[in-house]
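Worth saying up front: this structure is predicted, and the values here are computed from it rather than measured.
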Amino acid sequence: MSGRTHVRACPERTCVGCRERSSRDRLLRVALEGNTCVPDPRGTLPGRGAYLHPAPACLEAALRRRAFPRAFRRGGLLDTAPLERAVRPPAGRETPHQQW
């Protein structure tokens, strides 16, 4: 053996909100179903994916920058209501109800 250790590569992705690179397991994959952005925590939905930290600040930044139409290479507006429900905490709670 040459002394090299085998380190498993951890794929990195860029958050469309804050533009920070993170490991894929720390980001929420967002997929497109029709004209609707939906969370894809298992990463099994077909098509292009966009990655986002599951934090309200990153979601706000992505919406403000119109990052989802650009990431999905679509013109026009996309419905982000299901994604907003998944990322934003319900009233009276500080953290999202789902873990990614």
Side-chain angles (χ1 to χ4, degrees):
M1 293 276 296
S2 64
R4 289 188 249 170
T5 60
H6 294 283
V7 178
R8 179 173 244 166
C10 183
E12 286 191 342
R13 301 291 185 260
T14 302
C15 174
V16 295
C18 66
R19 304 294 296 160
E20 186 177 304
R21 290 183 64 89
S22 294
S23 63
R24 189 173 62 184
D25 59 348
R26 295 187 59 197
L27 296 168
L28 170 65
R29 183 176 189 266
V30 179
L32 200 59
E33 287 185 342
N35 279 337
T36 304
C37 294
V38 294
D40 183 19
R42 294 187 330 182
T44 57
L45 292 176
R48 287 185 72 80
Y51 289 85
L52 178 76
H53 285 112
C58 286
L59 176 62
E60 289 298 324
L63 295 175
R64 186 176 56 249
R65 293 176 55 243
R66 297 181 189 96
F68 292 113
R70 188 171 31 257
F72 292 119
R73 298 178 181 168
R74 285 280 183 94
L77 297 175
L78 298 175
D79 180 21
T80 58
L83 181 60
E84 291 178 42
R85 282 192 301 271
V87 172
R88 289 197 177 121
R93 292 183 69 182
E94 295 177 7
T95 58
H97 62 281
Q98 295 178 337
Q99 289 291 340
W100 311 115

Trainee: What heavy-atom pair brings Cys37 and Leu78 nearest, and what distance separates the two atoms?
Mentor: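 Closest approach of Cys37 to Leu78, heavy atoms only: SG-CD1, 3.9 Å.
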Trainee: Please name the residue in the list His53, Glu12, Arg13 that meets the side chain to side chain contact (heavy atoms under 4.5 Å, CB included) test with Ser22.
Mentor: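 With Ser22 as partner, His53, Glu12, Arg13 yield a single side chain to side chain contact (heavy atoms under 4.5 Å, CB included), made by His53.
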Trainee: What are the two closest non-hydrogen atoms of Cys10 and Ser23, and how far apart are they?
Mentor: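 Smallest heavy-atom distance, with atoms named: SG-CB, 3.4 Å.
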Trainee: Within the side chain of Arg70, is there an N or O that forms a donor-acceptor pair under 3.5 Å with the backbone of Arg65?
Mentor: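 Yes, Arg70 side chain to Arg65 backbone: donor-acceptor pair under 3.5 Å.
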Trainee: With a cut-off of 6.0 Å (strictly less than), are more than 12 heavy atoms of other residues, nucleotides or ligands near CZ of Arg66?
Mentor: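 Check fails, neighbour count at 12 or below.
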Trainee: Indicate the atoms forming the closest heavy-atom contact of Ala61 with Gly17, along with that distance.
Mentor: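 That would be CB-O, 3.4 Å.
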Trainee: If you define the side chain from C-beta out and look only at heavy atoms, does anything of Leu28 sit under 4.5 Å from Pro41?
Mentor: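 Of all side-chain heavy-atom pairs linking Pro41 with Leu28, at least one is under 4.5 Å.
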Trainee: Considering non-hydrogen atoms only, spot the tightest contact between Ala62 and Phe68 and give its length.
Mentor: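 Closest approach of Ala62 to Phe68, heavy atoms only: CB-CE1, 3.8 Å.
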Trainee: Do the side chains of Leu52 and Val16 get nearer than 4.5 Å, heavy atoms only?
Mentor: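 The answer is yes, as the side chains (C-beta and beyond) meet within the 4.5 Å cut-off.
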Trainee: Applying the 4.5 Å side-chain criterion to the ILVMFWY set and letting contacts propagate, would Val38 and Leu59 be lumped into a single cluster?
Mentor: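 They do not share one cluster, since no chain of ILVMFWY contacts under 4.5 Å joins Val38 to Leu59.
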Trainee: Say you draw a straight line from CZ of Arg21 to CG of Leu27; how long is it, rounded to the nearest 0.5 Å?
Mentor: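 It is 10.0 Å, given to the nearest 0.5 Å.
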Trainee: Please check: side-chain N/O of Asp40 versus main-chain N/O of Ala31, any donor-acceptor pairing under 3.5 Å?
Mentor: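 Side chain of Asp40 to backbone of Ala31: no pair is present.
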Trainee: Let me see the working for Arg48 and Leu32 under side chain to side chain contact (heavy atoms under 4.5 Å, CB included), right down to the final yes or no.
Mentor: CA-CA 8 Å; Arg48 287 185 72 80; Leu32 200 59; over 6 Å; no
Trainee: What closest approach, in Å, do Val30 and Leu83 show between heavy atoms, and which atom pair accounts for it?
Mentor: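 Here Val30 and Leu83 meet closest at CG2-CD1, 3.8 Å.
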